[in-house]
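Report on one structure; see the data block that follows.
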2 protein chains.
Amino acid sequence: MSGARSGSRVRDREGVERVPEGVVTIHDVAREAGVSIATVSRALAGSATVAPATAGRVRRAAAALGYEPNRAARQLVTGRGQSVGLVIPDLENPFYSSVAKGMQNRVRAAGLTAIIADTDEDVAREREVLAQLATDVDRLILASPRAADTDLLALAARSRVVLINRSLAGVPAVTGDNADGIRQALGHLLALGHTRIGYAGGPVTSWSDAERRAGLTAAVDAAHDQGRGVTIVDLGAFRPGPAGGLAAADLAISERVSAVLAFNDQLALGLLGRLAERGVAVPEAMSVVGFDDVPVARLLAPALTTVVVPAQRMGAAAVDLLLAGTPAARPEDGPGALLRVLPVELQVRRSTAQAAGRRER
Amino acid sequence: MSGARSGSRVRDREGVERVPEGVVTIHDVAREAGVSIATVSRALAGSATVAPATAGRVRRAAAALGYEPNRAARQLVTGRGQSVGLVIPDLENPFYSSVAKGMQNRVRAAGLTAIIADTDEDVAREREVLAQLATDVDRLILASPRAADTDLLALAARSRVVLINRSLAGVPAVTGDNADGIRQALGHLLALGHTRIGYAGGPVTSWSDAERRAGLTAAVDAAHDQGRGVTIVDLGAFRPGPAGGLAAADLAISERVSAVLAFNDQLALGLLGRLAERGVAVPEAMSVVGFDDVPVARLLAPALTTVVVPAQRMGAAAVDLLLAGTPAARPEDGPGALLRVLPVELQVRRSTAQAAGRRER
DNA sequence: GAGCGTTCTGAAAACGTTTAGATTCCCTCT
DNA sequence: AGAGGGAATCTAAACGTTTTCAGAACGCTC
């Protein structure tokens, strides 16, 4: 029982075209080609140190036998697997499923395998997932993680990591241009004459929300500098699902804003639903702007005015960043060093309209 | 440089709580617990032949060191991988992202890894994906595959396969109760007085659509037997995305039906959008029923009456079927042998109402 | 024709795990 | 007290690959 255990069952005197029953290993190819397994490995890896004639013979033998390298064995010895993990907070959130789709496409195009894990928007779950994933994946894409900075840095230290919608010193990341998006959205509402606008925020732990709030503040300041008065009413922080939007809607009504900027489309969806329920006409009595442009946004009645974030492209871009031979970033480069910011664009639809005069309810 | 290579850097005199820098292997745990690696392996595998006291010590050591088994190594020796692949037509379709979510949760709960692949509703792409996946996964869940029966059988011959929304002799499968769902939907519309109803079908290659059509025919026959006349107008076959619904809406209007049964919610979404655009009031002038109950269905205005298919549970059930030691099915058992049919339920919302009298347009 | 570099190939060690078979230990039974 | 038998544990082989190092074959220069 030596290493050549599988020999007898693989080859018999029938010749090359005989398809082996069991799994073909590198040893079988080596025997077929009359070389050692080391040479097979090198020939198939395209190493330059193998003679062209030999390489050809090896390749032919491999093809004839239908050899497929065993990924587990390869991974074990190289330490580097051929899969990349994607960790997302919620697969049912259409924004993230789009990200997942883009990511998965690109990964597969690169001949790799996409492993996916949903954390249910839960920190503990995320930690668990990360621990499990860390062992069999050395390349990770983390979409909007809840994890603490230190945990992420530890992770990034031993795996290649790309973040989506979060930035962290020394870790490459892809995000949408949050500040610009919110600026465009606010500009649109101002142009429509709204002066009292609610902001329905995402979770306090959300990096995107922080960015969008900062962008909002900046945009408001800029407006003031131009002599345009506007009041932003902070409606609070909501879970980024449709359910969160319900509460936000009630708040928007009682705060007497004429328009609401929602942290994301999911929230806006809930808002729209609750406003309809309460008999508040959109956009006549209340304008609503979302963020993300999830696929349903344009199908709603009224179709949702929202900031288009190229979710699929974000996923793909994250993969590119991950696979590019980017040298490990040095923390001293600052957070922006490896940040890829994708442009976003306001898509005006039916959910926004000119502000009516102040209303009493 | 022996097998215990990582020893020095892992343990120092600080004690148990010290988190190791490098990767913790079974050797480290063995040293920590004062046993051999074989015992560690057995203890963690839950083998009965290890003394409870020892097992406890090992588990504690493993936890203290944060040990996670190396999957590549395990897979190499056992031959059986610990990932299961999920092939879905479109991640952006909320129904399938729900399936994916349920599947992924269950897979991870079992300590396995979920590999995901999106085929973009494309046969060629699907074939490609399957070939790629087959090399590193021996357990697959195929959601609504387009592939030919023969290809699927070949695949099922060498991997464990569970189908979702399709049935095939000898291959275990999970589906919703399509016929019953459509029966409920039709019954609801009949109860509301509709007598001329459109059916907006899915792709002709879709197994689900075939089932639903069959169920519809049966339900219509049953109604006729009870003396209730109803005319079903086949509006055609549409791509199962919202875009398909637009065309279906125009057809529904020109065919003067008072209600439409849509193959799925995506289609219904498009329908609703287009009807609103054309000024046809839902549900006053036209009732619409969907299928699937995707998360947005209840958030639409009007909220969509639809057949609730437990998508997440389907994903989970498929995993259960896959992991259960189900003996390979024998084709002679017939297609139903390993079919797990999940009950579905009509959820009445605002998109359906009593039929108005016949209208002219 | 000896010495020496080049170019190619092979032997063998590693990767971290599972598992078969050997070994130890401690009872219990005679 | 010695043998026999289980239970618990250990030793070592195996999984299929990559890669280091050493060696073989060859051609060149002097």
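In what follows, every chain begins at residue 1, and chains take the letters A, B, ... in the order their sequences are listed. Bear in mind the structure is a predicted one, so any value in this text is a computation, not a measurement.
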Between [N] ([atom2]) and [X] ([atom1]): distance, integer Å:
{"X": "A/His27", "N": "D/dC15", "atom1": "NE2", "atom2": "P", "value": "9 Å"}
{"X": "B/Arg74", "N": "C/dT19", "atom1": "CZ", "atom2": "P", "value": "9 Å"}
{"X": "B/Asp28", "N": "C/dG16", "atom1": "CG", "atom2": "P", "value": "9 Å"}
{"X": "A/Glu68", "N": "D/dG16", "atom1": "CD", "atom2": "C1'", "value": "14 Å"}
{"X": "B/Asn70", "N": "C/dC15", "atom1": "CG", "atom2": "P", "value": "11 Å"}
{"X": "B/Gln82", "N": "C/dT18", "atom1": "CD", "atom2": "P", "value": "9 Å"}
{"X": "B/Leu76", "N": "D/dA14", "atom1": "CG", "atom2": "P", "value": "14 Å"}

Nearest to the side chain of [X] - [options]?
{"X": "A/Val35", "options": "C/dG16, C/dG10, C/dT9", "value": "C/dG10"}
{"X": "B/Arg42", "options": "D/dT18, D/dC10, C/dG16", "value": "D/dC10"}
{"X": "A/Thr54", "options": "D/dT17, D/dC15, C/dC8", "value": "C/dC8"}

* Taking the nucleotide of DNA chain D with the closest heavy atom to each, which residue, A/Val40 or B/Thr39, is nearer the 5' end? -> B/Thr39

* B/Thr78 or B/Ala38: which one's nearest nucleotide on DNA chain D is closer to the 5' end? -> B/Ala38

* Asked: Counting N and O atoms only, with roles assigned by atom type, does the side chain of B/Asp120 sit under 3.5 Å from a partner on the main chain of B/Asp122, one being a donor and the other an acceptor?
  -> no

* Under 3.5 Å donor-acceptor, B/Thr25 side chain and B/His27 backbone -> yes

* Structure fact -> Assert: residue with more 5' nearest nucleotide on DNA chain C, out of A/Ile37 and A/Arg57, is A/Arg57

* Asked: Without hydrogens or angle criteria, can the side chains of B/Gln312 and A/Glu92 be said to hold a donor-acceptor pair below 3.5 Å?
  -> yes

* Short side-chain N/O contact to C/dT18 OP1/OP2 from B/Ser41, under 4.0 Å -> yes

* A/Arg166 bridged to A/Asp149 by N-O distance under 4.0 Å -> yes

* **Pair A/Met103-A/Ile164, side-chain contact (heavy atoms from CB on, under 4.5 Å): steps then yes or no** => CA-CA 11 Å; A/Met103 173 268 190; A/Ile164 286 184; over 6 Å; no

* Asked: What about B/Arg71, does its side chain sit under 3.5 Å from the base of C/dG16 through a donor-acceptor pair?
  -> no

